[in-house]
Amino acid sequence: MQWTLVIPLKPLARAKSRLADTADDGLRPGLALAFAQDTVAAALACPAVKDVAVVTNDALAGRELRALGAHIVPDEPGGGLNAALAHAAAKVRSSRPDSAVAALNADLPALRPLELARVLDSAAEFPRAFLPDAAAIGTTLLAAAPGQELIPAFGKDSRLSHRASGAVELPLADVDSVRQDVDTGADLRAALTLGVGPRTAAAAARLLIKEK
């Protein structure tokens, strides 16, 4: 099964506020863009991925991610994360009704294409499925097979929300790069330990230089 991934990205100026203890206002937008670039590049290199649609209204992010090969979907609802994902999934299926669609976080800078393929191949066995994040509280990927609505329920305790919605939790081991999203400084250090993509590595190096 080939998947279309829908990746949401808020305006960079407002992204990653919980990294304030690690990166100041001048550095966080660059980090958020680097996370998204490395996430999109790894997703497009995944053999199970047909294409990637990024839903964002950020002009800079749109240009940079389009240059990598992503399609850009404007966040027309402007109603938050779940509304943006539902809108993008509907856009994808308006032209390809039989698409398998998965929502993927934009802050997975250590993402490895073959680990993502394992997750998507496992998700293909169910109508809807999700992968919890490294903290086992949130969700990094929510998948819907052809003919199934995505029904995103991201936000606080989204692991429980997606389970309650009927999505199957994928009990996979050794897919750490798909689970390690970055919200805090501790998350960033964990991602760096796993090994991040080149753009995040460069952005993190600038952060470390500034700290010195």
Keeping the roles fixed (side chain from [X], backbone from [Y]), state whether a donor-acceptor pair exists under 3.5 Å.
{"X": "Arg199", "Y": "Asp38", "answer": "no"}
{"X": "Asp58", "Y": "Leu12", "answer": "yes"}
{"X": "Asn57", "Y": "Asp75", "answer": "yes"}
{"X": "Arg159", "Y": "Pro132", "answer": "no"}
{"X": "Asp133", "Y": "Ala135", "answer": "yes"}
{"X": "Arg179", "Y": "Ala173", "answer": "no"}
{"X": "Ser122", "Y": "Arg118", "answer": "no"}
{"X": "Lys91", "Y": "Pro74", "answer": "no"}
{"X": "Thr184", "Y": "Asp187", "answer": "yes"}
{"X": "Ser99", "Y": "Thr4", "answer": "no"}

I need the [X] [atom1] to [Y] [atom2] distance, nearest 0.5 Å.
{"X": "Thr56", "Y": "Leu65", "atom1": "OG1", "atom2": "CG", "result": "7.5 Å"}
{"X": "Gln180", "Y": "Asn105", "atom1": "CD", "atom2": "CG", "result": "11.0 Å"}
{"X": "Arg28", "Y": "Arg18", "atom1": "CZ", "atom2": "CZ", "result": "12.5 Å"}

Assigning hydrophobic clusters by single linkage (Ile, Leu, Val, Met, Phe, Trp, Tyr; side-chain heavy-atom cutoff under 4.5 Å), is [X] placed with [Y]?
{"X": "Leu108", "Y": "Leu172", "result": "yes"}
{"X": "Val178", "Y": "Leu170", "result": "yes"}
{"X": "Val92", "Y": "Ile151", "result": "no"}

Salt bridge (charged side-chain N to carboxylate O under 4.0 Å, His left out) with Arg93: which residues, sequence neighbours excluded?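 None.
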For Asp51, give me all partners under salt bridge (charged side-chain N to carboxylate O under 4.0 Å, His left out), at least two apart in sequence or on another chain.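 Checked Asp51 against salt bridge (charged side-chain N to carboxylate O under 4.0 Å, His left out); matches are Arg96.
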Grab the two heavy atoms, one from [X] and one from [Y], that are nearest each other, plus how far apart they are.
{"X": "Ala106", "Y": "Pro8", "value": "CB-O, 3.3 Å"}
{"X": "Arg128", "Y": "Ala167", "value": "NH1-N, 3.3 Å"}
{"X": "Leu120", "Y": "Ala102", "value": "CD2-CB, 4.1 Å"}
{"X": "Arg112", "Y": "Ser177", "value": "N-OG, 3.0 Å"}

Leu116 versus Leu5: any side-chain heavy-atom pair under 4.5 Å?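 A side-chain contact exists here, since the closest heavy-atom pair is under 4.5 Å.
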CD/Glu149: more than 12 non-hydrogen atoms of other groups inside 6.0 Å: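 It does not: Glu149 CD has 12 such atoms or fewer within range.
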Results of ring pair (Phe, Tyr, Trp, His ring centres under 6.0 Å) for Phe130 - residues two or more places apart only: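 Partners of Phe130 under the ring pair (Phe, Tyr, Trp, His ring centres under 6.0 Å) test: His162.
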